[in-house]
Amino acid sequence: MRYAETGYNLEVDLSTGNIERVETDPKLTELYLGGLGTNAKIMWDRVPPETEPFSPDNLLIFSAGLLGGTPAVGANRTMITSISPQTQFMAYSMMGGFFASELKYAGYDKVIIRGKSPKLVYLYINDDKVELRDASHLAGKGSVETQEQIKKELGDMRIHVAAIGLAGENRVFFASIEQGRSSASRQGLGAVMGDKGLKAIAVRGKKDISIARPEEFMPLCDEVLRYAMWRQENPVPGMIPILAILGSPQEMLECDEKWHTENFSWGNARTRRKTFWNPEIEELWTDAQLKARKRLISCYNCPLKCGATITSPNEGAYMMKCFSKLTYTMAAYVDDLNFGFDIAKRATEYGIDGFSGPQVMAFAVELLEAGILTEKDFEGCPTDNQGRFYWLLDRIVRREGIGDVLADGTYWAAKKIGNGAEEFAHNNIRKQEQAPLKLGSVNPLYYLMYCINEKGNITQIEGQFPQAPYADPKDREEFCKDWFQVPDDRFKEYFMKWEPKGEFAMPYYPGIKECCEIVDWMERMHYIDDACGVCTGLSAFHLKPPYHIHNYPLLISAATGMDIDEAELTKISKRNRQLVRANNVRRGYRRADDTPPEDHWRKRLPEYEKQIMDAMCEFKGWTLDGVPTKETLQELDLGFVAEDFEQRGIYKDGED
Ligand code: SF4
């Protein structure tokens, strides 16, 4: 009997229309848990490095996590994996909401899509009944509209639908997959779905998930819930509002945007407006937010309500959460938050990533102002900031005129446009737009996180360790008192010693060894979340979260019956992490790809940065070129990766 997981995947070949329910090997659960871990293994086994993102051989995997659908609070993430058209590396993007648990209740851990459908279709999963249905009448429809229409057509409003909009159909490199109150936004997975001719996946499940030791598991889940509620009532003192409490950044709850609007950069990640937030703006923005926000909403089995239904007067109702509240407004240099709420509705229907989308548009505006793009490229475009953004959004998702070039993102567009455009694509890591942040002196902890984070998204690696020290040692002591989430007391010592100024301050404290350990801990927690399908808003993204390295093994053991301890869970997370890197190394990824945008910090320390990255390579068990060594791989039962690297001459490349 299989516990927590269903033990079955759904294999769908869109080229032939063949659908199979395939039993999975329990050994894979022991080695990789599930979610991102088993996705990475499938990608390794079945997607050779020569595979192009838009090849029928590329897979698109929708995976619930190992704890998805169980009573574990917030275990509702869907991990979607494929090869990204933008980065050309393995992409993984998470969405919350209700899809993953529904998939588990239908009796599947994953849906693995291969091939390409000759006409637009959607996949309908209703427990054991699974079929491909014609979606030609949904062509060009918005992602939210599509979800509603499918539910109506199938006569069941409890179906959960993941769908693409026009951007996905037109293979925009930053197209998202939207689902109810959540979105798999980054790395262009919507484009892969569109390329396969798949408009949506609709799922309805009515089966049970079995738990190995429910009498142990339920009290642990209760404890997580109790602690999460306690944390909401007891914010961490001295932190900005969104980091003081739990949740995916509580942007829908919080109206105070002083920190974001003055620290993040406006336009094409260009300008910090250090005095932007004043009482007048605060009043206007608070009013706009409270009027637009209809109600706060949660994902499946979570009390934290990080999302909101937004009713924008001009564009109708939709769902929003997190930083997309600000990205359009700030990228367009518009001082009215209503603009952000309005344009985000259209962008959600089109299905585009709220990080990359606005930056691509701001980049185009800069190119026009610099004379690299011309009025001819912008024929018919309004001249005001808001009008220009709407115009660009419509062109990009339709791939019309200059929109066709911009639809590939800033890196590829700059290459095509030439004439110095490359310098304006200044905020990328591995060809993907980053959070619009440009700061003063290099911060070694963040330097390392930007470098090694293979998702290419800073929020998917940071979290457990405070971003800055408290000035008063008494506050540090107070913080450490109930900081039981640390893997061991060394991390408390590092924090106790850390000062805002002087000998124990950035950039040389925490030191190189400490930085490697801290970053490794933070990353490890994200990999555990992504295998278990737990939302990082209750775990890795936060200080003092309810899920941590001490209770995770207990939860996983009670749910699955596998009996793993902290050491074993750490080993599994390392294995998953190395396997994601291995997939990318085989596609040509090397240390040179581990590079933050050059202008991310004004003041850089090239020699020191090199030293800490050298140390990180050693710490992770990589060659200095960023390739996992044979020894590292063998220790983690990944000898087959080492063999493959040898056959391909990858180690020789590294030594060269
Ligand atoms: S913390 Fe927020 S984003 Fe995460 S599961 Fe709960 S409601 Fe959803």
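Atoms within each ligand, like the ligands themselves, are counted from 1 in listed order.
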> So, are Glu349 and Lys345 salt-bridged, with charged N and O less than 4.0 Å apart?
Replying inline: yes
> So which protein heavy atom does atom 6 (Fe) of ligand 1 come closest to, and at what separation?
Replying inline: Cys302 SG, 2.3 Å
> Which atoms of ligand 1 are found less than 4.0 Å from any heavy atom of Cys535?
Replying inline: 1 (S), 3 (S), 4 (Fe), 5 (S)
> Do any heavy atoms of Ser298 fall under 4.0 Å from ligand 1?
Replying inline: yes
> Which protein non-hydrogen atom lies closest to atom 8 (Fe) of ligand 1, naming both residue and atom, and how far is it?
Replying inline: Cys299 SG, 2.4 Å
> Going by the order shown, which atoms of ligand 1 are within less than 4.0 Å of some heavy atom of Arg77?
Replying inline: 3 (S), 4 (Fe), 5 (S), 8 (Fe)
>> Closer than 4.0 Å to some heavy atom of Lys305 - which atoms of ligand 1 meet that?
In response: 7 (S)
>> Aromatic contact between Phe339 and Tyr328, with the criterion being ring centroids under 6.0 Å apart: yes or no?
In response: no
>> Before we go on, tell me: are the rings of Tyr547 and Tyr552 under 6.0 Å apart, centre to centre?
In response: yes
> Under 4.0 Å from ligand 1, counting heavy atoms only, is it the side chain of Asn76, its backbone, both or neither?
Replying inline: side chain
>> Closer than 4.0 angstrom, basic N to acidic O: yes or no for Lys325 and Glu257?
In response: yes
> Is the ring centre of Tyr8 less than 6.0 Å from the ring centre of Tyr108?
Replying inline: no
> Can you list the atoms of ligand 1 that are under 4.0 Å from a heavy atom of Leu304?
Replying inline: 1 (S)
> Near atom 4 (Fe) of ligand 1, is there an N/O/S atom from Cys306 that is less than 2.8 Å away?
Replying inline: no
> Less than 6.0 Å separating the ring centroids of His548 and Phe484?
Replying inline: yes
